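Presented below is the structure to which this report refers.
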Amino acid sequence: MGELSKNKIAQSLLSFTILTIAIVFIPKLFSQKEATEIDGELVQASSAWNMQAPLILDDGIQIENHVALLGKNIQGTVTFSSLQKSEIDKDMLKKLEAQLIHNIKTASLMDTFRKKKVTITYFCKDIYGVHICDIKLTPNMYN
């Protein structure tokens with residue numbers, strides 16, 4: 001094999017390698033960038049919601065706030081304002097989850113969250129601020 005053929009093979013191999021790297025890694029770079037930014041619309045929607053807070057869901061249960069996080073994620077805080085952790089059972093938490101889903105589906109203040117298809121994780125605490133559980137609601141659950 002001649003020197004010219006070896007150079008063409010080496011160039012082709014180098015071009016193929018660069019093209020492969022570009023195809024595989026450039027889209028990942030952009031998708032990672034999106035996940036490391038906080039969406040301004042979600043910050044505004046959270047602030048608007050917080051101006052109306054708290055929202056009473058049931059006697060002694062209220063949503064305190066929402067905060068925009070990285071990507072399409074929101075964190076909310078739910079307080080059982082008259083119960084201790086030991087008094088809260090699984091049935092109450094299932095009922096709470098259903099109420100939260102209904103709220104996302106129907107409340108006008110949640111419109112931006114619905115349109116953006118965010119994941120909302122509610123940090124649930126008792127009357128003393130003791131963590132009870134986290135309830136994670138994905139777009140599949142409320143759309």
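Just so it is clear, the structure is predicted and the values come from calculations on it, not from any experiment. Each residue takes its place number in the sequence, starting with 1.
- Under the 4.5 Å side-chain contact rule for hydrophobic residues, Phe123 and Ile104 do not share a cluster.
- Taken together through direct or relayed side-chain contacts under 4.5 Å among Ile, Leu, Val, Met, Phe, Trp and Tyr, Leu109 and Leu42 form part of one hydrophobic cluster.
- Paired with Thr112 under the rule side chain to side chain contact (heavy atoms under 4.5 Å, CB included), one option of Lys115, Lys116, Met110 passes, and it is Lys116.
- By the side-chain hydrogen bond (donor to acceptor under 3.5 Å, both in side chains) test, Lys95 pairs with Asp58, sequence neighbours left out.
- For the atom pair NZ (Lys136) and OG1 (Thr119), the distance works out to 6.0 Å, reported to the nearest 0.5 Å.
- For the pair Ser46 and Val67, the minimum side-chain heavy-atom distance is 4.5 Å or more.
- Screening Ile56, Leu100, Thr77 against Ile63 for a side chain to side chain contact (heavy atoms under 4.5 Å, CB included) leaves a single residue, Leu100.
- Grouping Ile, Leu, Val, Met, Phe, Trp and Tyr by side-chain contacts under 4.5 Å, direct or through others, puts Tyr128 with Ile127, Val130.
- When all heavy atoms are compared, the tightest approach of His131 to Asp134 is NE2-OD1, 3.0 Å.
- Scanning all heavy atoms of the two residues, the minimum distance from Phe113 to Tyr142 falls at O-OH, 3.5 Å.
- Looking at Ile38 and Leu70, their side chains come closer than 4.5 Å, going by heavy atoms from C-beta outward.
- Using a 4.5 Å heavy-atom threshold, the side chains of Glu97 and Met141 count as touching.
- A donor-acceptor pair under 3.5 Å is absent between the side-chain atoms of Lys85 and the main chain of Lys125, judged by distance alone.
- When the side chains of ILVMFWY residues are joined at heavy-atom separations under 4.5 Å, either directly or via intervening members, Ile74 and Leu69 end up in two distinct hydrophobic clusters.
- The shortest non-hydrogen separation linking Leu96 to Cys124 is CD2-SG, 3.9 Å.
- Looking at Asn73 and Thr121, their side chains never come closer than 4.5 Å, going by heavy atoms from C-beta outward.
- At least one side-chain heavy atom of Leu93 sits less than 4.5 Å from a side-chain heavy atom of Phe80.
- The aromatic rings of His66 and Trp49 stand perpendicular to each other, their planes meeting at an angle above 60°, with 30° marking the opposite boundary.
- Atom CD1 of Ile88 sits about 7.5 Å away from atom CD1 of Ile61, to the nearest 0.5 Å.
- With contacts defined as side-chain heavy-atom distances shorter than 4.5 Å, the pair Leu83/Asp126 does not qualify.
- Distance check: Gln84 CD to Ile132 CD1 gives 10.5 Å after rounding to the nearest 0.5 Å.
- Within 6.0 Å of CG in Asp59 there are 12 or fewer heavy atoms belonging to other residues, nucleotides or ligands.
- Using modelled atom types, one finds a donor on one side chain and an acceptor on the other under 3.5 Å when comparing Thr79 with Glu64.
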